[in-house]
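For reference, the structure discussed in these notes is given below.
Quick caveat: nothing in here was measured; it's all calculated off a predicted structure. Just so you know, ligand 1 is whichever comes first in the structure, and atom 1 is the first atom listed for that ligand. We number each residue from 1, following the sequence as shown.
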Amino acid sequence: MINLNPGSALDADGAYAIRRGGNTQVVALLGAIGSGKTTLIAGLLQSFLTGPLAGYSFKRSDTLLAFEERCFESRVASGAPSASTVRTSSLSGQHYYHLEVVKNVGEASKRLLLLDMSGEFYEAALSSNEEAAQLQSLSGVDRIVHLLDGRKLGDSSQREKVYSTARQLLRRLYETKVLQPEVPLQMVVSKLDQLAPSSDSEAVSSAIASVEDRFKRERARGSWEVFGIASSPEVNTSFAVRFGVPELFGSWLNDVVKSESPDQRVRVAAGGIASLGPAWAPERYTRE
Ligand SMILES: Nc1nc2c(ncn2[C@@H]2O[C@H](COP(=O)(O)OP(=O)(O)O)[C@@H](O)[C@H]2O)c(=O)[nH]1
Ligand SMILES: [Mg+2]
């Protein structure tokens, strides 16, 4: 029997089913607990509610429910005395969010799968190469986006820890060959509103410069970029809501190439294809 999936976040098999349709970019979001990954993801849907983002219009999402839950959580959090997006649950582990967007009428749509890992995965991967090697779901992604908490970068007592933790994680992922050196890497300074008084201030440019400086080794590998965002700035700051997010989002889609044979370039986690069964069903249908 085939059931319509309710729109919750996808697991690796669900993500594979989407990716198999081609024209899909898989973007993995990494970063310490609280660095702003979930807020960034929720903000994408919120932005599409008001119009196009980076010139792209929303077409569909097979994970609408999951997006809405994240948006709801961040709205609740922003009304709470001590704001905090609900922690991405460790039980469910690794979530993929799906977006299908289109630039101009008549053009092929582009698909994006965003991988958000629970903080526990991140912490475990930091602790040893053996744990890092478990993150096989990262081995097939098209892009790695590592968030650096801007609030902590603005605090001299926490800054170096933020850099060294990120370096350690990346080093483990490269050493264990979970990540190939050619996979594009973006370092994203989040919460710019907590780091600097304005987007054109000295503090922003020096944070960007110090990211360039602290990740010399990573910079030497393939494609490398630094971005700054404020997904959910405090209201009393000069930063617009989702400052820098359109630029980041646009960068994830610009180089989508239509692959004639997605099977050849996709690497699937063990059991991925087999569990889909012989008569694989497209998009949001799961077999029972
Ligand atoms: N001031 C400010 N706070 C933010 C921003 N982005 C996220 N946050 C807050 O940072 C906290 C952690 O964010 P979350 O997205 O849950 O981090 P995650 O653990 O990486 O998913 C929450 O309280 C968010 O409201 C931002 O741009 N500015
Ligand atoms: Mg989260």
Side-chain angles (χ1 to χ4, degrees), residues 8-11 27-47 53 63 65-97 113-126 135 137-138 144-155 158 161-162 165-166 169-170 186-199 201 203-204 207-208 211 226-249:
S8 45
L10 299 165
D11 61 9
V27 174
L29 298 175
L30 302 179
I33 296 171
S35 58
K37 303 177 292 294
T38 304
T39 309
L40 170 60
I41 290 173
L44 298 177
L45 186 75
Q46 279 170 329
S47 180
L53 179 61
T63 57
L65 183 67
F67 272 114
E68 283 168 2
E69 282 168 0
R70 298 296 89 74
C71 292
F72 175 74
E73 286 162 9
S74 56
R75 273 197 301 272
V76 169
S78 52
S82 162
S84 166
T85 322
V86 175
R87 278 252 230 114
T88 312
S89 151
S90 62
L91 289 173
S92 31
Q94 310 194 30
H95 294 114
Y96 291 87
Y97 295 80
L113 284 169
L114 297 171
L115 171 59
D116 187 18
M117 294 190 306
S118 75
E120 286 76 3
F121 275 79
Y122 184 86
E123 300 282 325
L126 275 173
L135 296 185
S137 51
L138 291 179
I144 295 286
V145 176
H146 193 303
L147 272 71
L148 300 168
D149 190 330
R151 187 177 58 79
K152 292 185 177 168
L153 291 184
D155 174 348
Q158 299 194 69
K161 176 98 190 298
V162 172
T165 307
L169 178 76
L170 291 169
Q186 295 177 330
M187 299 304 286
V188 176
V189 178
S190 67
K191 311 183 193 177
L192 279 185
D193 60 301
Q194 308 246 290
L195 173 70
S198 71
S199 57
S201 67
V204 170
I208 302 290
V211 172
V226 185
F227 284 82
I229 61 169
S231 305
S232 177
E234 301 284 341
V235 282
N236 59 352
T237 66
S238 71
F239 286 84
V241 176
R242 290 182 289 278
F243 173 86
V245 173
E247 291 79 0
L248 182 61
F249 178 79

Provide the number and element of each atom of ligand 1 under 4.0 Å from a heavy atom of [X].
X    : answer
E234 : 1 (N)
A230 : 27 (O)
I33  : 19 (O)
S231 : 27 (O)
Q194 : 1 (N)

Tell me the contacting part of T39 for ligand 1: side chain, backbone, both, or neither, using a 4.0 Å heavy-atom threshold, strictly below.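 It is both backbone and side chain that touch ligand 1.
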Using a 4.0 Å heavy-atom cut-off, say whether K191 meets ligand 1 through its side chain, its backbone, both or neither.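 Both backbone and side chain.
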Please determine if L192 has a nitrogen or oxygen closer than 3.5 Å to a nitrogen or oxygen of ligand 1.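 No, L192 has no N/O under 3.5 Å of an N/O on ligand 1.
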4.5 Å side-chain heavy-atom contact, [X] and [Y]:
X    : Y    : value
Y96  : T63  : no
L30  : L147 : no
F227 : V189 : no
V211 : L148 : yes
K37  : L115 : no
Q46  : R242 : yes

Touching ligand 1 at all, G34? Heavy atoms, strictly under 4.0 Å?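 Per 4.0 Å heavy-atom rule, G34 contacts ligand 1.
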Decide whether the shortest distance between a heavy atom of A32 and an atom of ligand 1 is less than 4.0 Å.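 Heavy atoms of A32 do come under 4.0 Å of ligand 1.
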Could you work out, for atom 2 (C) of ligand 1, the closest of P233, S232, S35 by heavy-atom distance?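 The nearest heavy atom belongs to S232.
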With rounding to the nearest 0.5 angstrom, report the NE2 to OG1 distance, H146 to T165.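 One gets 8.0 Å once the value is rounded to the nearest 0.5 Å.
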Has T38 got an N/O/S atom less than 2.8 Å from the Mg ion (ligand 2)?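 Under 2.8 Å: T38 contacts the Mg ion (ligand 2) through an N, O or S atom.
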Between S238 and P197, which heavy-atom pair has the shortest distance, and what is it?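 Shortest heavy-atom separation between S238 and P197 comes out as OG-O, 2.9 Å.
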